Structures are given as structure tokens and as C-alpha cells.
Amino acid sequence: MKSSLILLLKGAAIGVANIIPGVSGGTIAVVLGIYERLIEAIGSFLTQPAKRLQYLTFIALIGMGAVAGILALGNVLKWAIEQHSTLTLLLFMGLILGSLPPVVRMSGIKSFRAAEIGLVALGVA
């Protein structure tokens, strides 16, 4: 039961991320440590019948959480952007910057060469 609630909450975070400009639900899945499991569940659902129920349960919990997050916070975020745009946009930028370290760790990059620095600079620009 506890693990199901945690998956629902992680799904809610992914859903909310999908409505924030510049933040990706996939990036939040990486930050929350469920990206690889989510990709496995989606990619193997049809090809591994023995794990189909396990995959379906996982995907359903994440999906229900995402929908709940969108419904619960969609209007709140709209209000925040309309009433406190600067603070809200700064929050969004913080979320984007805060998600970078886990993404870099997952990529396996140990040090940045000129090419990686150039690509990051291009992305920031």
C-alpha cells in the first residue's frame, strides 16, 4: 500500500512537471529514480506476458498520479503565473536547474569536454 501511494505521488510530480513550461515529466522521472523502470514497463508490456500485470499496475499508478497532479495543480499554476509571474518563473527556473545533476549522473558523464560544454551553452542560449 505504501509503495502504491509513493508511485501515485511520483506520478503526480510527473504530471505537474508536464504543465510547467521548460520542465519535462521525463526529467522528473529521472530525478525521482523511476525513469528506467517506467521505460522498461512501457517497452516490455507486450513482450513479457509474465510481468504484464506488474507493468500495468506500475503504469496505471504513475498515470493516475499524473492525471491527479494535473487536475489538482493546473489551476494553481495558472493563477501563480497570472498573479506572481516573476516569482513563479524563478521557481520554474530553479526546478530546471535542480534537475540537471541527476540527469548528468544518469548519463554517465564523468567530466565535461569542450563539446559537452558547447552543447550545454547552446541549450541554455
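Quantities reported herein were computed from a predicted structural model and do not represent experimental measurements.
- For the atom pair OG1 (T27) and CG (L32), the distance works out to 10.5 Å, reported to the nearest 0.5 Å.
- The structure places CG of L97 at 14.0 Å from CZ of F92, a figure rounded to the nearest 0.5 Å.
- In this structure, CD1 in I14 is found 13.5 Å from CD1 in I19, a value given to the nearest 0.5 Å.
- Rounded to the nearest 0.5 Å, atoms CD1 (I81) and CD1 (I20) are 8.5 Å apart.
- Residues I96 and L89 share a single hydrophobic cluster, defined by chaining ILVMFWY side chains whose heavy atoms lie under 4.5 Å apart.
- Other residues, nucleotides and ligands place more than 12 heavy atoms under 6.0 Å from the CD atom of Q48.
- Note on I28: it clusters hydrophobically with I42, by side-chain heavy-atom contacts below 4.5 Å among ILVMFWY residues.
- Checking side-chain atoms of K10 against main-chain N and O of I34 turns up no donor-acceptor pair under 3.5 Å.
- Take Y35 and apply the side-chain hydrogen bond (donor to acceptor under 3.5 Å, both in side chains) test, not counting sequence neighbours, and it matches no residue.
- Residue pairs that meet the salt bridge (charged side-chain N to carboxylate O under 4.0 Å, His left out) test with at least one member in residues 114-125, sequence neighbours left out, are R113-E116.
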Atom pairs and distances, donor-acceptor, side-chain atoms in residues 65-77, under 3.5 Å, two or more places apart:
none

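- If you chain together hydrophobic residues whose side chains sit under 4.5 Å apart, V104 and I117 fall into the same group.
- Using a 4.5 Å heavy-atom threshold, the side chains of I59 and L56 count as separate.
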